[in-house]
Amino acid sequence: MRTFLVLFQKEFLQIRRNPFMPKLIIIFPIMIMLLMPLVMTMDVKNVNVAVVDLDRSTTSRRIASHIEASEYLTLATTTAEFPLAMQALEQGDVDVIVQIPDHFERDMISSTAKRISISANAVNATKGGMGMQYVVQTIARTLVELRGEKSPIEISELVTIENRYNPTLNYRHYMIPALMIILFILVCGFLPALSIVGEKEVGTIEQINVTPVSRLTFTLGKLSPYWLIGLFVLTVAMIVARLVYGLAPLGSVGLIYLGAALFILVISGFSLTIANFSETMQQSMFVMFFFIMLFMLMSGLLTPVDSMPLWAQHFTIILPPRYFIDILRSVYLKGTTLVDMWQNFAALGIFAIVFNTLATLTYKKQA
Amino acid sequence: MYAIEVNNLTKSYGEVRALDGVSFAVRRGELFGLIGPDGAGKSTLFRLLTTLLRPDGGEAKVDGLDIVKDYLAIRSRVGYMPGRFSLYPDLSVEENLSFFAALFGVKAEESYDLIEPIYKQIEPFRTRRAGKLSGGMKQKLALSCALIHRPSVLFLDEPTTGVDAVSRSEFWDMLAGLKQRGITILVSTPYMDEASRCDRIALCNEGRILGIDTPADIVSNFNSRLYGISSERTFALLEAARAQRGVVECYPFGECHHLVVDEQFDVAQFTASLSDFNDLVIKQVEPTIEDMFIKLMKR
């Protein structure tokens, strides 16, 4: 126990003495939490729309003005000639073209009415697709409004929409838990590996190896400082999320800390294992990067696991961040309790045991 | 009983045989030197004896304990100072000392009497970071850390490499002091002049031991006449001298060349045939350990 405390204390002392590390641990989470939610957004804004108005009626003008008023759409131009609009689309000045046919207003009530046609530039699939949807919604709303004005009978909307748990469909609320996990992966995944490989490069590990210190004590001594640092980073990130984005967990904060405590153990145990197999910083960094790519892109942090191909969905079972992102999002947005998510906690617990056992066993005091 | 017994120890790194059947024994309380150039296998031997490496063949005992079976017990009984400075550069002098004391489960104060002669020289700098110490001070700190748990056997791998001449001499005085306290010391060095400070030395080269004896006996076994020759035209002289009758060996040795000769050699005849070196100086010299090393190596 005393040996562990001494190792722990030494590790902390080294982190504190490092001219760069303490700053990184404080500034890094704040920067990521302040900056990334602003730029990482899937909300499509500033969709430029060209209206080709062949009808020139009240209805067509109403549609155009509603497009102009929309938060997401910008009315770039109104013209009577489709080729002009098409040219603008090709030049990239316009993302979506709305063509309102001749006599649209007159024929609107008859069954032979010509249809409004919408063409979108889908090179950026997200922007094209979302832009198209916004336009369709805007037009539909306009038409319902017009019909309501004309007929005395109240026509109710046939579909009502409600987004549960994230009522305003705020993409930031969805991304902030993912950013917290990315922070853990970067801080608790890289630093322990760098610390071990650093000792290998300086040669101090050799001095440790000739002492009677056990492998487990040494591994725990390396692990625990980063465990505390990880929890500190979580606290900073949660405070920023609350103060800047008004996002507070609906569920229990304790559950978040429990999940984080397990996840940090998983990721730093993983990091130590890689360090044990690496001789140089470059080697350990490169291998870590490979796995971090997998963790970030396949665990459902940025894109939902459910929309991956089936084989990839099966593969995510062995990716620890997958379980933690579930926990974080559920507790933050739904207020889920431990009883509903115990499987996720159990999975993290198993990973923590496996990776840290590996880290202990692969640490060789003898070549 | 011996403090270190090495019997036919071998170790290879892939194709390279770093140690090729090395055997020797070190008595208790002896200051034993391993003398040899870089690549002789000295560091490998140290790493085997301190249980950082496992041997491929042969066996060795340290303090009566087998280096393979009893490696855990050995670690708390030996002190090791690697060739490269390997303490924490970002910890201070006293932090390093108490850190290593704690790893061995002792308190630094308990061993103070043992390390005092060494540590008191760096004590004024005890709050300085180890990385900011001079070469000589680093070496003293490393020795203090290696001694903190009162080891019975001390392994010092090239402790004086990269240290100035005065500090080197001081260091050997410290080792003599430790020997007085009954600690067995195995020390390696590439400097032949330090060999005379050891009780016994083993000359090693390319993974083998060429000879083991006291420094005085190693020299007295030289058994050949040895001359030192010099001239302004150093290199031409070396070539010319090698061609003369009775010359077994001629090699550069500091400012002059050393000439190993057999019974056919005649000084007058030698000077006569090298008359175009008008500044030629020749005088008989006493052989040194280095001469013996070269002789054994060429054999």
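Chain letters run A, B, ... following the sequence lines, proteins first and then strands; every chain starts at 1.
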*Pairs in or reaching into residues 190-205 of chain A: which pass salt bridge (charged side-chain N to carboxylate O under 4.0 Å, His left out), with residues at least two apart or in two chains?*
A/Lys10-A/Glu199, A/Glu199-A/Lys222

*Side chain, backbone, both or neither: which part of A/Leu7 has a non-hydrogen atom closer than 4.5 Å to chain B?*
both

*Should the heavy atoms of other residues, nucleotides or ligands under 6.0 Å from CZ of A/Phe8 be counted, would the total exceed 12?*
yes

Can you give me every donor-acceptor pair (side chain of residues 285-294 of chain A, partner residue at least two apart or in another chain, under 3.5 Å) with its distance?
none

*B/Leu52 side, atom CG; A/Gln207 side, atom CD - distance, nearest 0.5 Å*: 9.0 Å

*asked:* Around atom CZ of A/Arg2, are there more than 12 heavy atoms from other residues, nucleotides or ligands closer than 6.0 Å?
replied: yes

*asked:* If you count every heavy atom of other residues, nucleotides or ligands that lies below 6.0 Å from B/Arg208 atom CZ, does the total exceed 12?
replied: no

*Spatial distance of atom OG1 (A/Thr211) from atom CD1 (B/Ile148) [nearest 0.5 Å]*: 13.5 Å

*asked:* Checking A/Val210 against B/Val78 for the side-chain contact (heavy atoms from CB on, under 4.5 Å) test, could you report, in this order, the C-alpha distance in whole Å, the side-chain angles of both residues, the deciding distance, and whether it holds?
replied: CA-CA 8 Å; A/Val210 287; B/Val78 302; 5.6 Å; no

*Can you name the residues of residues 83-99 of chain B that have some heavy atom under 4.5 Å away from a heavy atom in chain A?*
B/Arg84, B/Phe85, B/Ser86, B/Leu87, B/Tyr88, B/Pro89, B/Asp90, B/Leu91, B/Ser92, B/Glu95, B/Phe99

*asked:* Once side-chain contact (heavy atoms from CB on, under 4.5 Å) is applied, do any residues pair with B/Glu123, and if so which ones, sequence neighbours excluded?
replied: B/Tyr112, B/Tyr119, B/Lys120, B/Arg126

*Among B/Tyr71, B/Phe100, B/Phe104, residue most engaged with chain A (heavy-atom pairs, under 4.5 Å)*: B/Phe104

*Just wondering, are more than 12 heavy atoms of other shown residues or ligands nearer than 6.0 Å to CD in A/Gln283?*
yes

*Count the heavy atoms of every other residue, nucleotide or ligand shown that sit under 6.0 Å from CD of B/Glu170, and state whether that count exceeds 12.*
yes

*Where on B/Leu72 is there a heavy atom nearer than 4.5 Å to chain A: the side chain, the backbone, both, or neither?*
neither

*Is the number of heavy atoms from other residues, nucleotides or ligands within 6.0 Å of NZ (B/Lys61) greater than 12?*
no

